[in-house]
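Keep in mind that what you see is a predicted model, and the values were worked out from it rather than measured.
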Amino acid sequence: MENPLRRSAIYLTLAAFALHPIAFGGWLAQIPLVKETLGLNKAELSLALLGMPIAIIPSLQIAGRLIGRLGPRRVLAVSFPMQIGAVILPLLAVDQVTLFLALMVFGAVTAFSQVCLNVYAGRLEKALGTSVMNRCHGFWALGLMAGPLIATTLAGWSPIVTLLGMSIAATSTGAVIALRLPRLGEVNEGATPPRRKLAAVPPALVAVSLFALAIGMTEGAMADWAAIYLAERLPDDATIAGLGVSVYAAFLAGGRLTGDWMKDRIGAVRLARLTLGLAIVGLALLVLPFPLFTAFFGFALVGAGVSVGFPLGVSAVAALDDTYEGANIAVMSGVAICGFLIGPPVIGFLAEAFSLRVGLAALLPGLILGLWFCRALSPAESADESAIVASRTK
């Protein structure tokens, strides 16, 4: 790929990743209003919010097969504008059940776009011979941060008008970008690949998915419990409990934006081990009886530690097989989302029975096992390491 086309492909892909979560971020800013309007308590709202992830998991599998037949560009060009209608459905809900169903629709639409973006970014990496996945997810994080900010700025408008305006602007632009993306890997499109038997699933896909599971559980835990952790340790009149989430999110985005640069220099496996080590140290600062100020270092280290895990996993499973790249990404994404969903309630149960520190400590075994599973992120690197170890033992 020539340099001008190379730059264009990267810029367009980064823009698509940034535009994708803006509508979702706008919805996040409306959750308190919907809770109050429908008169839901926290438990009822939590059950309704499960509609989105419950729909995402099976939709990822359908999307993987459809992308294999039609290609990510065409599916993305259709699924992007579908967010316009899907994002306002939750605002039209009249009770918990209709909110749950509306979020299922929104989750299904989001899943198709998500797999398209990741499949295309995986193909782009293979075409360029360089790393872009971490930057893509860094721009996705920036888009997610921009959504609530825009919605808050337009707080004087009707919520429906706000979300419609945001989604129309973001998704229509995204659809145009999708059609302008260079054609990559489309030689194998046009026929749905046959279903794989369980025995035919690559062992590396299983290992990377388990690695993503540990990362997903930690991400979900930090997103849901960081503010509560600080609130429990701060005086009752303190107003900075949310700062823990901000520190975590800032280092999460920073790690993703620099992840490709690091991957090109030390490799995927070493980068994964380095960042997992940071996450383990960060959790240790949170669960051990250290002074309060060390908690902020803990949030920063955990944010940097989990930042590159999912992008590295997407790159690894996309490179396993050109025929099943969409299916591989869908499987790994589904497992990671399960981790994101499982982590917070598990920690909540442990926190209720023991303490929040004990709950957060439950994340450590998964991250430690991740140090082993991350070998599957790059078989070549693992082979080189094994050869070095073997030569030293002779």
Side-chain angles (χ1 to χ4, degrees), residues 5 7-31 33-34 52 55-56 59-60 62-63 66-67 69-93 102-124 132 135-184 186 189 326 333:
L5 184 57
R7 287 195 299 270
S8 174
I10 292 176
Y11 293 154
L12 289 172
T13 305
L14 293 177
F17 268 86
L19 290 167
H20 174 251
I22 287 179
F24 176 58
W27 151 246
L28 293 179
Q30 307 298 336
I31 291 178
L33 175 64
V34 172
M52 189 169 188
I56 285 177
S59 297
L60 288 171
I62 299 172
L66 186 62
I67 291 167
R69 182 177 182 84
L70 300 177
R73 294 169 59 258
R74 281 177 281 185
V75 178
L76 185 61
V78 175
S79 60
F80 243 128
M82 288 176 65
Q83 290 188 49
I84 297 172
V87 73
I88 65 169
L89 289 179
L91 297 182
L92 302 177
L103 288 173
M104 286 191 69
V105 175
F106 189 27
V109 173
T110 301
F112 275 78
S113 301
Q114 181 182 5
V115 178
C116 290
L117 289 169
N118 285 315
V119 168
Y120 189 84
R123 292 184 179 182
L124 185 62
V132 297
R135 276 175 288 169
C136 288
H137 285 271
F139 272 74
W140 192 93
L142 293 176
L144 184 63
M145 292 169 60
L149 179 61
I150 296 171
T152 302
T153 303
L154 303 176
W157 296 13
S158 161
I160 292 181
V161 172
T162 298
L163 281 186
L164 270 178
M166 291 173 56
S167 59
I168 289 173
T171 61
S172 59
T173 305
V176 173
I177 288 175
L179 295 175
R180 293 188 60 188
L181 290 169
R183 299 175 182 272
L184 298 174
E186 298 187 1
E189 293 170 3
S333 298

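Across every non-hydrogen atom of G107 and M52, the tightest pair is CA-CG, 3.5 Å. The minimum heavy-atom distance linking A77 with A175 is given by the pair O-CB, 3.7 Å. The minimum heavy-atom distance between P72 and R123, with the atom names listed, is CD-NH1, 3.4 Å. Considering all non-hydrogen atoms of both residues, G26 and L163 come closest at C-CD2, 3.4 Å. Across all their heavy atoms, A16 and L117 have their closest contact at CB-CD2, 3.7 Å. A55 approaches A108 most closely through the heavy-atom pair CB-N, 4.0 Å.
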**Asked** Given I160 and L92, is the side-chain contact (heavy atoms from CB on, under 4.5 Å) satisfied, shown in steps?
**Response** CA-CA 9 Å; I160 292 181; L92 302 177; 3.7 Å; yes
**Request:** Start with the C-alpha gap between I177 and R180, add the side-chain angles, then the distance that decides, and say whether side-chain contact (heavy atoms from CB on, under 4.5 Å) holds.
**Result:** CA-CA 5 Å; I177 288 175; R180 293 188 60 188; 5.6 Å; no
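In this structure S79 satisfies the side chain to side chain donor-acceptor pair (under 3.5 Å) test together with S113, sequence neighbours excluded. Evaluation of the side chain to side chain contact (heavy atoms under 4.5 Å, CB included) rule for L142 yields M145, L257 as partners, not counting sequence neighbours. Scored by the side chain to side chain contact (heavy atoms under 4.5 Å, CB included) test, M82 finds V78, V109 as partners (sequence neighbours excluded). Annotation: side chain to side chain contact (heavy atoms under 4.5 Å, CB included) contacts of I62 (sequence neighbours excluded): F112.
You'll find the side chain of L76 stays beyond 4.5 Å of the side chain of Y120, heavy atoms only. The shortest side-chain heavy-atom distance between F106 and V87 falls under the 4.5 Å cut-off. Side-chain atoms of V34 and P90, non-hydrogen and from C-beta on, never get closer than 4.5 Å to each other.
Summarising the geometry, atom CE belonging to M166 is positioned 13.5 Å from atom CD1 belonging to I88; distances are rounded to the nearest 0.5 Å. With rounding to the nearest 0.5 angstrom, the CG atom of L19 is 9.0 Å from the OG atom of S172. With rounding to the nearest 0.5 angstrom, the CD1 atom of I56 is 10.5 Å from the CE atom of M104. A distance of 12.0 Å separates CZ in R135 from CZ in F17, rounded to the nearest 0.5 Å.
Residue pairs satisfying the side chain to side chain donor-acceptor pair (under 3.5 Å) criterion with at least one member in residues 11-25, sequence neighbours excluded, are listed as follows: H20-W140. Pairs engaging residues 154-165 under the side chain to side chain donor-acceptor pair (under 3.5 Å) rule: none recorded [sequence neighbours left out].
In this structure a side-chain-to-backbone donor-acceptor pair under 3.5 Å is present from R73 to L181.
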